[in-house]
Protein chains: 2
Amino acid sequence: MNGRMRIGELTERAGVTPRTVRYYESIGLIPPGEREGQGQHYYTEETLARLRKIDQLKKLRLGLDEIRDVIDLYFIDPSGVQAKQKVLVVLRQHLAEVDQKIRGYQQFRAELEDHIERFERWLEEKKPR
Amino acid sequence: MNGRMRIGELTERAGVTPRTVRYYESIGLIPPGEREGQGQHYYTEETLARLRKIDQLKKLRLGLDEIRDVIDLYFIDPSGVQAKQKVLVVLRQHLAEVDQKIRGYQQFRAELEDHIERFERWLEEKKPR
DNA sequence: CCAAAACATAACGTTAACGTAATGTTTTTA
DNA sequence: TAAAAACATTACGTTAACGTTATGTTTTGG
């Protein structure tokens, strides 16, 4: 248990599937595990730490592309200040987007009620008896 | 101009593209245009009317699958009562779903604000000086 | 040393409603 | 009658983040 591990241990400790690890490698979220020749890949503790950090950021609802934009900062700047500042920007964007969405849905909701009312009145007028 | 038309006239009058007409045929939203042998398709005024009705229902934000569930009623029952009753049911479902979505986004919004606050406080504490 | 794990790679599936080529055939018009 | 429209058909692309086969290779345990 020195830090060198294969994908099985990595995924178990990180709580993800091998598919996820390979997908993250493919989009550059984590570095590709080193391999000797053509065989299996070996991962380090830092990759594990990255996976855990990714998981944290996903809980903040960052997309993988957004995570990719900030993840390196966490490992370049140990204080975490820069990373958190950047995440904060993203979170504020999300807030604006969510507000936008909520307004959109509320608008739609109002239209819906309007339609519903119209239908109800139309059916009422048709049915008296 | 007797009611028999090819796809060009149909789409122009209905305000849709040929792709849309063929797609609707493929999912059974409108009857397939009749063809003589192997050549082109011919459509009727009723198909045009269906396309226009579909357009109306889309404006109520019904999905094509939902439209498929009610569209026939409009042409079977000329009074429109049954169709509108069924649409009303769908609209009420949508209302419930939208309310659900709004609540979800509001929940997310609250969490977001919470996260943002936390980040802000953390950064404040780190930076004094 | 061989069977059983573990691993690697490729590729399709998931949502909705068409847009957009690409290619070939039919109808219209000059 | 030949070029120009119009039409038909097929099939990939669009979003996000992997899940799920399917198939083949490597490593490990007894």
Side-chain angles (χ1 to χ4, degrees), chain A residues 1 4-44 47 50-51 53-69 71 90 93-94 97-98 101 108, chain B residues 1 4-44 47 50-51 53-69 71 90 93-94 97-98 101 108:
Chain A
M1 209 175 278
R4 242 175 108 58
M5 58 192 121
R6 291 188 297 164
I7 201 166
E9 185 184 342
L10 178 69
T11 58
E12 192 181 354
R13 291 222 267 157
V16 300
T17 67
R19 178 69 175 99
T20 298
V21 167
R22 291 178 184 128
Y23 180 60
Y24 288 177
E25 286 180 309
S26 79
I27 63 174
L29 249 190
I30 59 175
E34 290 178 46
R35 60 195 335 194
E36 3 198 85
Q38 23 65 297
Q40 308 185 345
H41 295 93
Y42 287 86
Y43 303 87
T44 66
T47 300
R50 280 180 84 94
L51 286 174
K53 181 55 75 178
I54 290 167
D55 190 50
Q56 286 175 27
L57 293 172
K58 286 192 67 173
K59 283 179 181 153
L60 300 180
R61 303 261 219 155
L62 297 222
L64 295 186
D65 53 339
E66 292 169 328
I67 292 175
R68 188 172 38 204
D69 291 341
I71 187 78
V90 176
Q93 275 173 223
H94 284 198
E97 289 163 12
V98 169
K101 275 206 175 184
F108 177 39
Chain B
M1 208 174 278
R4 241 176 109 61
M5 60 192 121
R6 291 188 297 164
I7 202 167
E9 186 184 341
L10 178 70
T11 58
E12 193 180 353
R13 292 222 266 158
V16 300
T17 66
R19 177 69 174 100
T20 298
V21 168
R22 292 182 183 124
Y23 179 61
Y24 287 177
E25 285 180 309
S26 80
I27 62 174
L29 248 190
I30 60 175
E34 290 178 45
R35 61 198 330 199
E36 2 198 84
Q38 23 68 295
Q40 308 184 346
H41 296 93
Y42 287 87
Y43 301 88
T44 66
T47 300
R50 280 179 84 94
L51 285 174
K53 182 54 75 180
I54 289 167
D55 190 50
Q56 286 176 27
L57 294 172
K58 285 191 68 172
K59 283 179 181 152
L60 298 180
R61 306 261 219 153
L62 297 222
L64 296 186
D65 54 338
E66 292 168 329
I67 292 175
R68 187 174 37 204
D69 291 340
I71 187 76
V90 175
Q93 273 173 227
H94 284 198
E97 288 163 13
V98 169
K101 275 206 178 186
F108 177 39

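A, B, ... follow the sequence lines: proteins, then strands. Residue 1 opens every chain.
Taking atom CD of B:Glu34 as the reference point, atom C1' of D:dC7 lies 17 Å away to the nearest angstrom. Across the protein-nucleic acid pair, B:His41 atom NE2 and D:dA6 atom P stand 19 Å apart, rounded to whole Å. Distance A:Ile7 CD1 to D:dT27 C1': 15 Å, rounded to the nearest Å. One interatomic measurement links the two molecules: CD1 of A:Ile27 to C1' of D:dC18, which rounds to 10 Å at whole-angstrom precision. One can place CD of A:Glu9 at 13 Å from P of C:dA6, the figure rounded to the nearest angstrom. For the pair B:Glu25 CD and D:dT10 P, the interatomic distance rounds to 13 Å; values are reported in whole Å.
Taking the side-chain hydrogen bond (donor to acceptor under 3.5 Å, both in side chains) definition, one finds that A:Arg22 meets it with nothing, sequence neighbours left out. By the side-chain hydrogen bond (donor to acceptor under 3.5 Å, both in side chains) test, A:Gln56 is found to be paired with A:Lys53, residues two or more places apart in sequence or in another chain being considered. Partners of B:Arg61 under the side-chain contact (heavy atoms from CB on, under 4.5 Å) rule, at least two apart in sequence or in another chain, are A:Phe108. Residues satisfying the side-chain contact (heavy atoms from CB on, under 4.5 Å) test with A:Lys101, not counting sequence neighbours, are B:Tyr105. In this view, A:Pro31 and A:Thr47, A:Arg50 satisfy the side-chain contact (heavy atoms from CB on, under 4.5 Å) rule, not counting sequence neighbours. A search for side-chain contact (heavy atoms from CB on, under 4.5 Å) contacts involving A:Thr11 returns A:Ile7, A:Val16, A:Pro18, A:Val21, not counting sequence neighbours. Contacts of B:Arg6 classified as side-chain hydrogen bond (donor to acceptor under 3.5 Å, both in side chains), with partners at least two apart in sequence or in another chain: B:Gln40. Judged as a salt bridge (charged side-chain N to carboxylate O under 4.0 Å, His left out), and not counting sequence neighbours, the contacts of B:Asp55 are B:Lys59. Shown here are the side-chain hydrogen bond (donor to acceptor under 3.5 Å, both in side chains) partners of A:Glu12, two or more places apart in sequence or in another chain: there are none.
Atom C1' of D:dT10 sits at a distance of 22 Å from the matching atom of C:dT14, rounded to the whole Å. Across the P atoms, C:dT9 and D:dA16 are found 26 Å apart, a figure rounded to whole Å. Comparing the same atom, P, in D:dT15 and in C:dA21 gives a spacing of 16 Å after rounding to whole Å.
In this structure, A:Ile54 and A:Leu57 have side chains that are not in contact, with every pair of non-hydrogen atoms separated by 4.5 Å or more.
In DNA chain C, stems built from 3 or more consecutive Watson-Crick or G-U wobble pairs, each with both distances under 3.5 Å, span C:1-14 with D:17-30, C:17-30 with D:1-14.
Neither side chain, B:Glu25 nor B:His41, offers a donor N or O lying under 3.5 Å from an acceptor on the other.
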Interface polar pairs with nucleotides 24-30 of chain C, N/O, under 3.5 angstrom:
residue	atom	partner	partner atom	Å
C:dT26	OP1	B:Gln38	NE2	2.9

Might you list the N or O atoms of the protein lying below 3.5 Å from N or O atoms in nucleotides 15-20 of chain C, with each pair's distance?
residue	atom	partner	partner atom	Å
C:dA17	OP1	B:Leu64	N	3.2
C:dC18	OP1	B:Lys58	NZ	3.2
C:dC18	OP2	B:Tyr24	OH	2.8
C:dC18	OP2	B:Lys58	NZ	2.8
C:dC18	N4	B:Arg19	NH2	3.4
C:dG19	OP2	B:Thr17	OG1	2.9
C:dG19	N7	B:Arg19	NE	3.2
C:dG19	O6	B:Arg19	NE	3.4
C:dG19	O6	B:Arg19	NH2	3.1
C:dT20	O4	B:Arg19	NE	3.3

